[in-house]
Amino acid sequence: MKRVRRIAVLMATVFVDMIGFAIVAPLLPFYAREFNADAWVIGWLIAMFAIAQLAVSPLWGRFSDRYGRRPALLFGLAMSAIAFTVFAFANTIWLLFVTRLVQGIGGGTIGVVHAYATDASLPRDRAKTLGWLSAGTSAGVMIGPAIGSLAFRFGAEMPGLVAAFLCLANVIFAWKWLPESSDRAAARHPDVGQRRSIRSFAWEVIRKPGGEISRLIWIYAVGMLGFMSMTAIIPLYLDDAFGVTAETIGAFFVFIGFLSVLMRAIVLGRLVDRFGETKVMRIGAVFLTLGLFLIPLPDYVIAVGVAMGLVPVGTALLFPSVSAMVSHRARKYEVGQTLGVQQAFGGISRVVAPIWSTMVYQGLGVSVPFFLASGVVAFVTLLAFSVKSRPVEELEPAGT
(Lines give C-alpha, C1' and ligand atoms only; values in the text may rest on other atoms or scores of the structure.)
Protein backbone atom coordinates (compact mmCIF):
# COMPACT_ATOMS: atom_id res chain seq x y z
CA MET A 1 0.00 0.00 0.00
CA LYS A 2 2.87 2.36 0.82
CA ARG A 3 4.44 1.71 -2.57
CA VAL A 4 1.16 2.33 -4.37
CA ARG A 5 0.63 5.59 -2.50
CA ARG A 6 4.11 6.85 -3.40
CA ILE A 7 3.62 5.99 -7.07
CA ALA A 8 0.20 7.67 -7.07
CA VAL A 9 1.64 10.90 -5.64
CA LEU A 10 4.53 10.79 -8.13
CA MET A 11 2.09 10.24 -11.01
CA ALA A 12 0.04 13.24 -9.89
CA THR A 13 3.20 15.35 -9.71
CA VAL A 14 4.48 14.46 -13.17
CA PHE A 15 0.95 14.74 -14.59
CA VAL A 16 0.60 18.37 -13.51
CA ASP A 17 4.19 19.13 -14.53
CA MET A 18 3.59 17.70 -17.99
CA ILE A 19 0.38 19.70 -18.39
CA GLY A 20 2.45 22.85 -17.97
CA PHE A 21 5.05 21.62 -20.46
CA ALA A 22 2.40 20.56 -23.00
CA ILE A 23 0.52 23.85 -22.72
CA VAL A 24 3.54 25.65 -24.16
CA ALA A 25 5.37 23.12 -26.37
CA PRO A 26 2.93 22.88 -29.33
CA LEU A 27 2.57 26.68 -29.42
CA LEU A 28 6.30 27.37 -29.48
CA PRO A 29 6.74 27.22 -33.29
CA PHE A 30 3.80 29.61 -33.75
CA TYR A 31 5.25 32.09 -31.24
CA ALA A 32 8.63 31.87 -32.96
CA ARG A 33 7.05 32.58 -36.34
CA GLU A 34 5.53 35.75 -34.87
CA PHE A 35 9.13 36.90 -34.44
CA ASN A 36 9.85 35.95 -38.09
CA ALA A 37 12.00 32.96 -37.13
CA ASP A 38 12.99 30.54 -39.90
CA ALA A 39 12.36 26.82 -39.57
CA TRP A 40 16.01 26.12 -38.70
CA VAL A 41 15.86 28.70 -35.88
CA ILE A 42 12.76 26.98 -34.55
CA GLY A 43 14.73 23.74 -34.60
CA TRP A 44 17.42 25.26 -32.39
CA LEU A 45 14.76 26.75 -30.14
CA ILE A 46 13.21 23.33 -29.60
CA ALA A 47 16.66 21.81 -29.12
CA MET A 48 17.64 24.31 -26.42
CA PHE A 49 15.53 22.44 -23.88
CA ALA A 50 17.36 19.23 -24.69
CA ILE A 51 20.78 20.94 -24.62
CA ALA A 52 20.18 22.09 -21.06
CA GLN A 53 18.66 18.75 -20.10
CA LEU A 54 21.65 16.94 -21.58
CA ALA A 55 24.07 18.99 -19.50
CA VAL A 56 22.35 18.48 -16.15
CA SER A 57 20.62 15.06 -16.27
CA PRO A 58 23.61 13.00 -15.03
CA LEU A 59 24.31 15.65 -12.38
CA TRP A 60 20.73 15.51 -11.13
CA GLY A 61 20.94 11.72 -11.08
CA ARG A 62 24.13 11.69 -9.03
CA PHE A 63 22.73 14.40 -6.75
CA SER A 64 19.65 12.26 -6.10
CA ASP A 65 21.75 9.17 -5.35
CA ARG A 66 23.65 11.13 -2.71
CA TYR A 67 21.09 13.53 -1.24
CA GLY A 68 17.73 12.03 -2.17
CA ARG A 69 15.20 12.11 -5.00
CA ARG A 70 12.82 14.56 -3.33
CA PRO A 71 15.11 17.65 -3.21
CA ALA A 72 16.08 17.19 -6.85
CA LEU A 73 12.45 16.94 -7.97
CA LEU A 74 11.41 20.03 -5.99
CA PHE A 75 14.24 22.10 -7.49
CA GLY A 76 13.29 20.96 -10.99
CA LEU A 77 9.62 21.88 -10.55
CA ALA A 78 10.53 25.33 -9.22
CA MET A 79 12.76 26.05 -12.22
CA SER A 80 9.94 25.09 -14.59
CA ALA A 81 7.64 27.59 -12.87
CA ILE A 82 10.24 30.32 -13.41
CA ALA A 83 10.68 29.37 -17.08
CA PHE A 84 6.96 29.53 -17.85
CA THR A 85 6.66 32.94 -16.18
CA VAL A 86 9.39 34.31 -18.45
CA PHE A 87 7.73 32.65 -21.45
CA ALA A 88 4.46 34.48 -20.73
CA PHE A 89 6.08 37.87 -21.21
CA ALA A 90 8.76 37.02 -23.79
CA ASN A 91 8.81 39.65 -26.54
CA THR A 92 11.89 38.52 -28.47
CA ILE A 93 13.16 35.26 -29.90
CA TRP A 94 16.09 35.44 -27.47
CA LEU A 95 13.80 35.41 -24.44
CA LEU A 96 12.15 32.32 -25.88
CA PHE A 97 15.60 30.73 -25.94
CA VAL A 98 16.11 31.70 -22.28
CA THR A 99 12.84 30.08 -21.27
CA ARG A 100 13.81 26.85 -23.02
CA LEU A 101 17.21 26.87 -21.30
CA VAL A 102 15.77 27.29 -17.80
CA GLN A 103 13.01 24.79 -18.48
CA GLY A 104 15.57 22.27 -19.70
CA ILE A 105 17.56 22.59 -16.49
CA GLY A 106 14.40 21.84 -14.53
CA GLY A 107 13.45 19.06 -16.92
CA GLY A 108 16.83 17.40 -16.37
CA THR A 109 15.27 15.61 -13.40
CA ILE A 110 13.45 13.12 -15.66
CA GLY A 111 16.06 10.49 -14.79
CA VAL A 112 15.41 11.22 -11.11
CA VAL A 113 11.68 10.64 -11.70
CA HIS A 114 12.47 7.23 -13.19
CA ALA A 115 14.84 6.47 -10.31
CA TYR A 116 12.11 7.38 -7.81
CA ALA A 117 9.73 5.01 -9.59
CA THR A 118 12.25 2.16 -9.44
CA ASP A 119 12.84 2.85 -5.74
CA ALA A 120 9.13 2.64 -5.02
CA SER A 121 8.35 -0.52 -7.01
CA LEU A 122 9.25 -4.19 -6.85
CA PRO A 123 11.76 -5.33 -9.50
CA ARG A 124 9.23 -7.45 -11.37
CA ASP A 125 6.82 -4.49 -11.56
CA ARG A 126 9.21 -1.80 -12.79
CA ALA A 127 8.16 -1.79 -16.43
CA LYS A 128 4.51 -1.53 -15.39
CA THR A 129 5.32 1.19 -12.85
CA LEU A 130 7.25 3.19 -15.42
CA GLY A 131 4.33 2.64 -17.78
CA TRP A 132 1.89 4.05 -15.24
CA LEU A 133 4.25 6.95 -14.64
CA SER A 134 4.53 7.72 -18.32
CA ALA A 135 0.75 7.35 -18.55
CA GLY A 136 0.59 10.31 -16.20
CA THR A 137 2.91 12.30 -18.45
CA SER A 138 0.91 11.23 -21.50
CA ALA A 139 -2.30 12.38 -19.85
CA GLY A 140 -0.59 15.72 -19.36
CA VAL A 141 0.39 15.74 -23.02
CA MET A 142 -3.23 15.01 -23.91
CA ILE A 143 -4.75 17.75 -21.76
CA GLY A 144 -2.05 20.42 -21.90
CA PRO A 145 -2.31 21.37 -25.60
CA ALA A 146 -6.08 21.74 -25.32
CA ILE A 147 -5.63 24.07 -22.34
CA GLY A 148 -2.94 25.96 -24.22
CA SER A 149 -5.08 26.46 -27.32
CA LEU A 150 -7.98 27.62 -25.14
CA ALA A 151 -5.81 29.96 -23.08
CA PHE A 152 -4.35 31.44 -26.27
CA ARG A 153 -7.79 32.79 -27.13
CA PHE A 154 -7.58 35.10 -24.10
CA GLY A 155 -4.18 36.51 -25.01
CA ALA A 156 -0.73 35.39 -26.09
CA GLU A 157 0.62 35.60 -22.54
CA MET A 158 -2.08 33.43 -20.98
CA PRO A 159 -0.67 29.95 -21.87
CA GLY A 160 2.59 30.79 -20.10
CA LEU A 161 0.82 32.20 -17.05
CA VAL A 162 -1.44 29.16 -16.73
CA ALA A 163 1.57 26.82 -17.03
CA ALA A 164 3.50 28.82 -14.41
CA PHE A 165 0.55 28.72 -11.99
CA LEU A 166 0.22 24.95 -12.37
CA CYS A 167 3.95 24.44 -11.75
CA LEU A 168 3.89 26.62 -8.64
CA ALA A 169 0.90 24.70 -7.28
CA ASN A 170 2.77 21.49 -8.10
CA VAL A 171 5.78 22.58 -6.02
CA ILE A 172 3.51 23.09 -3.02
CA PHE A 173 1.76 19.75 -3.59
CA ALA A 174 5.04 17.83 -3.93
CA TRP A 175 6.55 19.55 -0.89
CA LYS A 176 3.66 18.37 1.26
CA TRP A 177 2.80 14.96 -0.16
CA LEU A 178 5.83 13.51 -1.99
CA PRO A 179 8.04 11.56 0.46
CA GLU A 180 11.65 10.60 -0.04
CA SER A 181 12.01 7.28 -1.86
CA SER A 182 15.71 6.48 -1.99
CA ASP A 183 17.32 4.10 0.46
CA ARG A 184 19.80 6.19 2.39
CA ALA A 185 21.64 3.00 3.27
CA ALA A 186 22.46 2.61 -0.42
CA ALA A 187 24.40 5.87 -0.28
CA ARG A 188 26.52 4.27 2.49
CA HIS A 189 26.99 0.98 0.62
CA PRO A 190 30.54 -0.36 1.20
CA ASP A 191 31.22 -0.25 -2.54
CA VAL A 192 29.86 3.26 -3.03
CA GLY A 193 33.40 4.63 -3.13
CA GLN A 194 33.83 2.68 -6.37
CA ARG A 195 31.03 4.64 -8.04
CA ARG A 196 32.13 5.57 -11.53
CA SER A 197 32.40 9.19 -12.50
CA ILE A 198 29.80 10.51 -14.90
CA ARG A 199 32.46 11.05 -17.56
CA SER A 200 33.86 7.52 -17.31
CA PHE A 201 30.35 6.05 -17.31
CA ALA A 202 29.41 7.98 -20.46
CA TRP A 203 32.70 7.06 -22.12
CA GLU A 204 32.07 3.39 -21.36
CA VAL A 205 28.72 3.60 -23.16
CA ILE A 206 30.52 5.02 -26.20
CA ARG A 207 33.57 2.76 -26.03
CA LYS A 208 31.67 -0.47 -25.36
CA PRO A 209 28.33 -0.09 -27.15
CA GLY A 210 27.79 -3.84 -27.02
CA GLY A 211 27.76 -3.93 -23.22
CA GLU A 212 24.53 -4.95 -21.53
CA ILE A 213 23.61 -1.51 -20.19
CA SER A 214 25.32 0.36 -23.04
CA ARG A 215 23.26 -1.37 -25.71
CA LEU A 216 20.01 -0.53 -23.94
CA ILE A 217 21.07 3.10 -23.58
CA TRP A 218 21.82 3.25 -27.31
CA ILE A 219 18.41 1.75 -28.10
CA TYR A 220 16.80 4.43 -25.94
CA ALA A 221 18.86 7.25 -27.47
CA VAL A 222 18.47 6.27 -31.13
CA GLY A 223 14.77 5.57 -30.67
CA MET A 224 14.41 9.00 -29.09
CA LEU A 225 16.19 10.52 -32.08
CA GLY A 226 13.56 9.16 -34.45
CA PHE A 227 10.63 10.08 -32.21
CA MET A 228 11.82 13.64 -31.47
CA SER A 229 12.52 14.24 -35.16
CA MET A 230 8.80 13.76 -35.79
CA THR A 231 7.77 15.83 -32.77
CA ALA A 232 9.83 18.80 -33.91
CA ILE A 233 8.28 19.06 -37.36
CA ILE A 234 4.74 17.79 -36.91
CA PRO A 235 3.26 21.24 -36.10
CA LEU A 236 5.01 22.70 -39.15
CA TYR A 237 3.89 19.80 -41.35
CA LEU A 238 0.25 20.02 -40.25
CA ASP A 239 0.31 23.79 -40.73
CA ASP A 240 1.85 23.70 -44.21
CA ALA A 241 0.01 20.62 -45.53
CA PHE A 242 -3.43 21.01 -43.95
CA GLY A 243 -3.66 24.55 -42.55
CA VAL A 244 -3.66 23.50 -38.88
CA THR A 245 -3.21 26.55 -36.60
CA ALA A 246 -2.23 27.32 -33.00
CA GLU A 247 -5.92 27.17 -32.07
CA THR A 248 -6.50 23.72 -33.60
CA ILE A 249 -3.18 21.91 -33.08
CA GLY A 250 -4.30 20.86 -29.61
CA ALA A 251 -6.78 18.31 -30.99
CA PHE A 252 -3.97 16.20 -32.49
CA PHE A 253 -2.05 16.10 -29.22
CA VAL A 254 -5.20 15.19 -27.30
CA PHE A 255 -5.62 12.21 -29.62
CA ILE A 256 -1.98 11.15 -29.29
CA GLY A 257 -2.09 11.63 -25.53
CA PHE A 258 -5.24 9.53 -25.18
CA LEU A 259 -3.67 6.61 -27.04
CA SER A 260 -0.49 6.93 -25.02
CA VAL A 261 -2.37 6.91 -21.70
CA LEU A 262 -4.40 3.89 -22.79
CA MET A 263 -1.30 1.97 -23.84
CA ARG A 264 0.83 2.81 -20.80
CA ALA A 265 -1.80 2.52 -18.09
CA ILE A 266 -3.64 -0.59 -19.30
CA VAL A 267 -1.99 -2.41 -22.21
CA LEU A 268 1.71 -2.20 -21.33
CA GLY A 269 1.49 -4.06 -18.03
CA ARG A 270 -0.51 -6.91 -19.51
CA LEU A 271 1.90 -7.30 -22.41
CA VAL A 272 4.91 -7.29 -20.08
CA ASP A 273 3.30 -9.95 -17.90
CA ARG A 274 2.65 -12.13 -20.93
CA PHE A 275 5.70 -11.57 -23.14
CA GLY A 276 8.34 -9.96 -20.92
CA GLU A 277 10.11 -6.62 -21.20
CA THR A 278 12.46 -7.62 -24.03
CA LYS A 279 9.74 -8.74 -26.45
CA VAL A 280 7.56 -5.73 -25.61
CA MET A 281 10.52 -3.45 -26.37
CA ARG A 282 10.87 -5.08 -29.81
CA ILE A 283 7.16 -4.71 -30.58
CA GLY A 284 7.33 -1.03 -29.65
CA ALA A 285 10.25 -0.42 -32.00
CA VAL A 286 8.34 -1.99 -34.89
CA PHE A 287 5.22 0.13 -34.30
CA LEU A 288 7.26 3.33 -34.01
CA THR A 289 9.04 2.56 -37.29
CA LEU A 290 5.75 2.02 -39.13
CA GLY A 291 4.13 5.13 -37.70
CA LEU A 292 6.94 7.45 -38.75
CA PHE A 293 7.03 5.97 -42.24
CA LEU A 294 3.27 6.30 -42.84
CA ILE A 295 2.65 9.85 -41.56
CA PRO A 296 3.59 11.78 -44.75
CA LEU A 297 1.85 9.39 -47.17
CA PRO A 298 -1.91 10.23 -46.82
CA ASP A 299 -3.56 13.20 -48.52
CA TYR A 300 -6.27 13.54 -45.87
CA VAL A 301 -5.68 14.87 -42.39
CA ILE A 302 -7.77 12.13 -40.74
CA ALA A 303 -5.58 9.46 -42.32
CA VAL A 304 -2.50 11.32 -41.08
CA GLY A 305 -4.01 11.19 -37.59
CA VAL A 306 -4.43 7.43 -37.85
CA ALA A 307 -0.78 7.04 -38.89
CA MET A 308 0.27 9.30 -36.03
CA GLY A 309 -1.58 6.96 -33.68
CA LEU A 310 1.01 4.24 -34.28
CA VAL A 311 3.70 6.47 -32.78
CA PRO A 312 2.35 6.64 -29.19
CA VAL A 313 1.68 2.90 -29.35
CA GLY A 314 5.33 2.32 -30.22
CA THR A 315 6.81 4.75 -27.70
CA ALA A 316 4.55 3.42 -24.92
CA LEU A 317 5.99 -0.06 -25.40
CA LEU A 318 9.58 0.86 -26.22
CA PHE A 319 10.80 3.47 -23.74
CA PRO A 320 9.37 2.21 -20.40
CA SER A 321 10.61 -1.30 -21.18
CA VAL A 322 14.12 -0.06 -21.91
CA SER A 323 14.25 2.07 -18.75
CA ALA A 324 13.07 -0.85 -16.62
CA MET A 325 15.71 -3.13 -18.12
CA VAL A 326 18.43 -0.53 -17.46
CA SER A 327 17.32 -0.20 -13.82
CA HIS A 328 17.53 -3.98 -13.33
CA ARG A 329 21.12 -4.05 -14.57
CA ALA A 330 22.38 -0.96 -12.70
CA ARG A 331 24.15 -1.14 -9.35
CA LYS A 332 21.76 -0.20 -6.57
CA TYR A 333 23.78 2.84 -5.47
CA GLU A 334 24.08 4.01 -9.10
CA VAL A 335 20.47 3.72 -10.27
CA GLY A 336 19.92 7.48 -10.36
CA GLN A 337 23.24 8.12 -12.09
CA THR A 338 22.70 5.30 -14.60
CA LEU A 339 19.25 6.54 -15.55
CA GLY A 340 20.66 10.07 -15.65
CA VAL A 341 23.31 8.96 -18.15
CA GLN A 342 20.58 7.28 -20.18
CA GLN A 343 18.66 10.55 -20.19
CA ALA A 344 21.83 12.41 -21.18
CA PHE A 345 22.20 10.24 -24.27
CA GLY A 346 18.51 10.74 -24.90
CA GLY A 347 19.19 14.44 -24.47
CA ILE A 348 21.76 14.32 -27.27
CA SER A 349 19.01 12.92 -29.47
CA ARG A 350 16.65 15.68 -28.37
CA VAL A 351 19.29 18.23 -29.37
CA VAL A 352 20.13 16.70 -32.74
CA ALA A 353 16.60 15.70 -33.77
CA PRO A 354 14.90 19.11 -34.09
CA ILE A 355 17.98 20.68 -35.68
CA TRP A 356 18.48 18.14 -38.47
CA SER A 357 14.76 17.48 -39.04
CA THR A 358 13.83 21.15 -39.45
CA MET A 359 16.80 21.75 -41.74
CA VAL A 360 15.88 18.75 -43.89
CA TYR A 361 12.21 19.81 -43.79
CA GLN A 362 13.11 23.24 -45.13
CA GLY A 363 15.81 22.13 -47.55
CA LEU A 364 14.77 18.74 -48.96
CA GLY A 365 11.00 18.53 -48.57
CA VAL A 366 8.28 17.99 -46.01
CA SER A 367 8.18 14.19 -46.31
CA VAL A 368 11.90 13.46 -46.17
CA PRO A 369 12.41 13.88 -42.38
CA PHE A 370 9.70 11.33 -41.64
CA PHE A 371 11.24 8.72 -43.91
CA LEU A 372 14.72 9.31 -42.47
CA ALA A 373 13.38 9.10 -38.92
CA SER A 374 11.69 5.83 -39.81
CA GLY A 375 15.01 4.48 -41.06
CA VAL A 376 16.70 5.49 -37.81
CA VAL A 377 14.12 3.64 -35.72
CA ALA A 378 14.40 0.62 -38.02
CA PHE A 379 18.03 0.46 -36.89
CA VAL A 380 16.79 0.53 -33.29
CA THR A 381 14.57 -2.42 -34.09
CA LEU A 382 17.60 -4.41 -35.18
CA LEU A 383 19.38 -3.49 -31.93
CA ALA A 384 16.31 -4.49 -29.91
CA PHE A 385 16.30 -7.95 -31.47
CA SER A 386 19.95 -8.38 -30.45
CA VAL A 387 19.17 -7.96 -26.73
CA LYS A 388 18.99 -11.24 -24.84
CA SER A 389 16.02 -11.79 -22.57
CA ARG A 390 16.95 -12.53 -18.95
CA PRO A 391 14.65 -13.13 -15.96
CA VAL A 392 14.39 -10.32 -13.42
CA GLU A 393 15.26 -12.79 -10.66
CA GLU A 394 18.58 -13.43 -12.38
CA LEU A 395 19.38 -9.75 -12.84
CA GLU A 396 18.36 -8.24 -9.53
CA PRO A 397 20.90 -9.84 -7.19
CA ALA A 398 23.72 -8.54 -9.38
CA GLY A 399 22.26 -5.06 -9.24
CA THR A 400 22.12 -5.05 -5.43
Side-chain angles (χ1 to χ4, degrees), residues 13-32 35 37 41-61 63 71-114 134 136-138 140-141 143-145 147-148 151-152 156-171 173-174 224 228 231-232 235 246 253 340 343-344 346-355 358:
T13 302
V14 299
F15 168 65
V16 176
D17 184 47
M18 187 54 63
I19 288 179
F21 176 86
I23 284 174
V24 170
L27 300 176
L28 194 63
F30 299 100
Y31 278 63
F35 300 128
V41 176
I42 296 174
W44 276 100
L45 182 62
I46 297 171
M48 183 55 64
F49 175 91
I51 292 173
Q53 191 179 56
L54 165 65
V56 302
S57 286
L59 300 177
W60 278 126
F63 177 93
L73 294 175
L74 290 174
F75 277 124
L77 291 171
M79 297 204 73
S80 294
I82 294 172
F84 291 134
T85 303
V86 176
F87 176 85
F89 300 102
N91 55 8
T92 67
I93 191 69
W94 297 112
L95 275 178
L96 289 182
F97 272 99
V98 170
T99 65
R100 296 292 287 175
L101 175 66
V102 177
Q103 191 182 351
I105 294 174
T109 56
I110 183 63
V112 180
V113 171
H114 289 173
S134 55
T137 64
S138 299
V141 171
I143 296 173
I147 296 175
F152 185 81
E157 73 283 353
M158 289 305 296
L161 291 176
V162 172
F165 172 78
L166 288 174
C167 279
L168 182 60
N170 208 16
V171 172
F173 171 81
M224 189 63 66
M228 290 302 299
T231 303
F253 285 88
Q343 291 300 322
I348 295 174
S349 298
R350 295 184 185 97
V351 172
V352 174
I355 295 172
T358 50

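What you are looking at is a predicted structure, and each value in this text was computed from that prediction instead of being measured. Residues take their numbers from the sequence shown, with the count starting at 1.
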Could you tell me if the side chain of [Y] sits less than 4.5 Å from the side chain of [X], heavy atoms only?
X: Val162; Y: Ile23; value: yes
X: Phe173; Y: Val16; value: no
X: Thr358; Y: Trp44; value: no
X: Leu96; Y: Phe35; value: yes
X: Ile355; Y: Val352; value: no
X: Met79; Y: Thr109; value: no
X: Phe152; Y: Phe30; value: no
X: Val102; Y: Val86; value: no

Hey, could you give me the [atom1]/[atom2] distance between [X] and [Y], rounded to the nearest 0.5 Å?
X: Thr99; Y: Phe89; atom1: OG1; atom2: CZ; answer: 13.0 Å
X: Ile19; Y: Ile143; atom1: CD1; atom2: CD1; answer: 5.0 Å
X: Ile42; Y: Ile93; atom1: CD1; atom2: CD1; answer: 7.5 Å
X: Ile46; Y: Met228; atom1: CD1; atom2: CE; answer: 7.5 Å

So, using side-chain contact (heavy atoms from CB on, under 4.5 Å) as the criterion, who are the partners of [X] when residues are at least two apart?
X: Leu101; result: Met48, Ala52
X: Ala81; result: Cys167
X: Val14; result: Leu10, Val113, Leu133, Thr137
X: Leu74; result: Arg70, Ala174, Trp175

| request: Verify side-chain contact (heavy atoms from CB on, under 4.5 Å) between Leu73 and Thr13, making sure each step is shown before the conclusion. | output: CA-CA 10 Å; Leu73 294 175; Thr13 302; over 6 Å; no
Shortest non-hydrogen separation from [X] to [Y] and the atoms involved:
X: Pro159; Y: Gly148; result: CG-O, 3.8 Å
X: Ala151; Y: Met158; result: O-CB, 3.3 Å
X: Ala22; Y: Pro26; result: O-CD, 2.9 Å
X: Glu157; Y: Ala88; result: CB-O, 3.1 Å

Sorted by chain and residue number, the ring-ring contact (aromatic ring centres under 6.0 Å, His included) partners of Phe21 (sequence neighbours excluded) come out as Phe49
Sequence neighbours excluded, the answer for ring-ring contact (aromatic ring centres under 6.0 Å, His included) partners of Phe165 is none
inquiry  = Determine whether a donor-acceptor pair (N or O, by modelled atom type, separation under 3.5 Å) exists between the side chain of Trp60 and the backbone of Ile105.
reply    = yes
Do Tyr31 side-chain atoms and Val24 backbone N/O form a donor-acceptor pair below 3.5 Å? no
- How are the rings of Phe75 and Phe63 set relative to one another: parallel (under 30°), tilted (30 to 60°) or perpendicular (over 60°)? perpendicular
